[in-house]
Amino acid sequence: MKIATFNINGIKARAEALVDWLREAEPDVVCLQEIKATDEAFPHELFDGLGYTIATHGQKSFNGVAILSRLGLEDVTRGLPGDEGDEQARWIEATVVGKRAVRICGLYLPNGNPAPGPKYDYKLAWMERMRARATALLATEEPFVLAGDYNVIPQDEDAAKPEAWREDALALPESRAAFRRILNLGLTDAFRARVRGPGHYTFWDYQAGAWPRNNGIRIDHLLLSPQAADLLRDAGIDKEIRRREKPSDHVPVWIDLDA
DNA sequence: ATGGTTGGTGTCCAA
């Protein structure tokens with residue numbers, strides 16, 4: 001089962017590029033972030049004939065997540081538990097059944113800038129709610145995947161210029177500690193289980209020639225439950241699509257599970 | 001320190 005995460009930065013602006021990538025990469029499951037569209041505005045018709053079932057949790061203008069699956073979607077739920085007043089569309093779950101059933105959680109973790117401030121407080125509180133949800137899922141002892149844009153640079157080796165991110169919400173010690181608290185529940189960073197060392201990025205800013213300078217950061221992650229980690233066969237980053245016309249500022253990250 | 005770019009349905013905000 002090939003599972004990918006891709007911050008698409010606007011589904012309406014990127015639908016054609018997404019279809020091209022789906023045809024090439026042939027993922028079974030894709031978690032999308034920043035669709036920047038309501039459920040009604042998602043261009044389902046552009047994906048007809050590709051064989052994907054689509055579940056969205058959209059919002060006008062900002063945020064918005066979706067899951068695409070060519071193995072079907074069961075028990076879809078929307079929203080991260082823990083704050084009934086939270087209006088931001090950043091979390092969606094579904095179960096996908098291949099050889100095994102895998103619970104897929106697609107997430108768009110808050111950016112948190114500027115820090116300190118209310119946006120940073122929201123980010124840290126959201127991460128604590130995510131930790132609680134992961135804890136509940138671990139109790140099921142079933143395979144699950146937390147896939148998305150985490151807006152966290154886990155370590156200095158995950159940035160081309162770590163010093164440029166010192167004061168940024170993506171790399172502040174509290175952000176890294178909150179990420180580690182989730183990881184330390186017993187989850188596995190799938191990419192890091194397969195590839196070690198610096199120089200592996202998933203995001204390059206549109207500004208200041210970040211892409212031609214390879215000034216990137218690794219902020220899109222797939223965390224695996226112990227039962228999912230046992231099934232991990234491979235992981236990778238589809239870096240090359242960043243050089244295409246009108247790309248997203250993120251690229252897809254994928255895993256292959258024996259499931 | 002600053003500036004640079006993109007998408008949305010915007011006369012600026014979020015990233």
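Note on naming: letters A, B, ... go to the chains in the order of the sequence lines (proteins, then strands), and numbering restarts at 1 for each one.
Put simply, CD1 on A:Ile219 is 11 Å from P on B:dA15, counting in whole angstrom units. Residue A:Asp220 contributes atom CG, which lies 14 Å from atom P of B:dA15 at whole-angstrom precision. The NZ atom of A:Lys161 sits 16 Å away from the P atom of B:dG4 (whole-angstrom rounding).
Residue order along DNA chain B, read from the 5' end via each residue's closest nucleotide, puts A:Gln59 first among A:Gln88 and A:Gln59.
Not counting sequence neighbours, A:Tyr52 has no partner by the ring-ring contact (aromatic ring centres under 6.0 Å, His included) test. Evaluation of the side chain to side chain contact (heavy atoms under 4.5 Å, CB included) rule for A:Lys161 yields A:Glu163, A:Ala164, A:Asn215 as partners, not counting sequence neighbours. The side chain to side chain contact (heavy atoms under 4.5 Å, CB included) search around A:Ala125 returns none, not counting sequence neighbours. The side chain to side chain contact (heavy atoms under 4.5 Å, CB included) search around A:Glu74 returns A:Thr95, A:Val97, not counting sequence neighbours. With sequence neighbours excluded, no residue forms a ring-ring contact (aromatic ring centres under 6.0 Å, His included) with A:Tyr108. Residues passing the ring-ring contact (aromatic ring centres under 6.0 Å, His included) test with A:Phe47, sequence neighbours excluded: A:Phe42.
Nucleotides B:dG3 and B:dG7 are separated by 22 Å at their P atoms, to the nearest Å. Rounded to the nearest Å, the gap between the C1' atom of B:dG4 and that of B:dT9 is 24 Å. The P atoms of B:dT6 and B:dT2 are separated by 23 Å, rounded to the nearest whole Å.
Nucleic acid contact for A:Arg213: none, since no nucleic acid atom lies under 4.0 Å from a heavy atom of the residue.
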If you restrict it to nitrogen or oxygen atoms, what contacts under 3.5 Å exist between nucleotides 5-8 of chain B and the protein, and what is each distance?
{"residue": "B:dG7", "atom": "OP1", "partner": "A:Arg14", "partner atom": "NH1", "Å": "3.1"}
{"residue": "B:dG7", "atom": "OP1", "partner": "A:Lys246", "partner atom": "NZ", "Å": "3.4"}
{"residue": "B:dG7", "atom": "OP2", "partner": "A:Lys246", "partner atom": "NZ", "Å": "3.2"}

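You'll find the side chain of A:Leu107 stays beyond 4.5 Å of the side chain of A:Val65, heavy atoms only.
Between atom NZ of residue A:Lys36 and atom CD1 of residue A:Ile8 there is a gap of 11.5 Å, rounded to the nearest 0.5 Å.
Within residues 107-126 of chain A, the residues approached by DNA chain B to less than 4.0 Å at the level of any non-hydrogen atom are A:Tyr108, A:Asn111, A:Lys119, in residue-number order.
Counting only residues at least two apart or on different chains, the side-chain hydrogen bond (donor to acceptor under 3.5 Å, both in side chains) pairs with a member in residues 217-226 of chain A are A:Asp158-A:Arg218, A:Asp189-A:Arg218, A:Thr202-A:Asp220, A:Arg218-A:His221, A:Asp220-A:His250.
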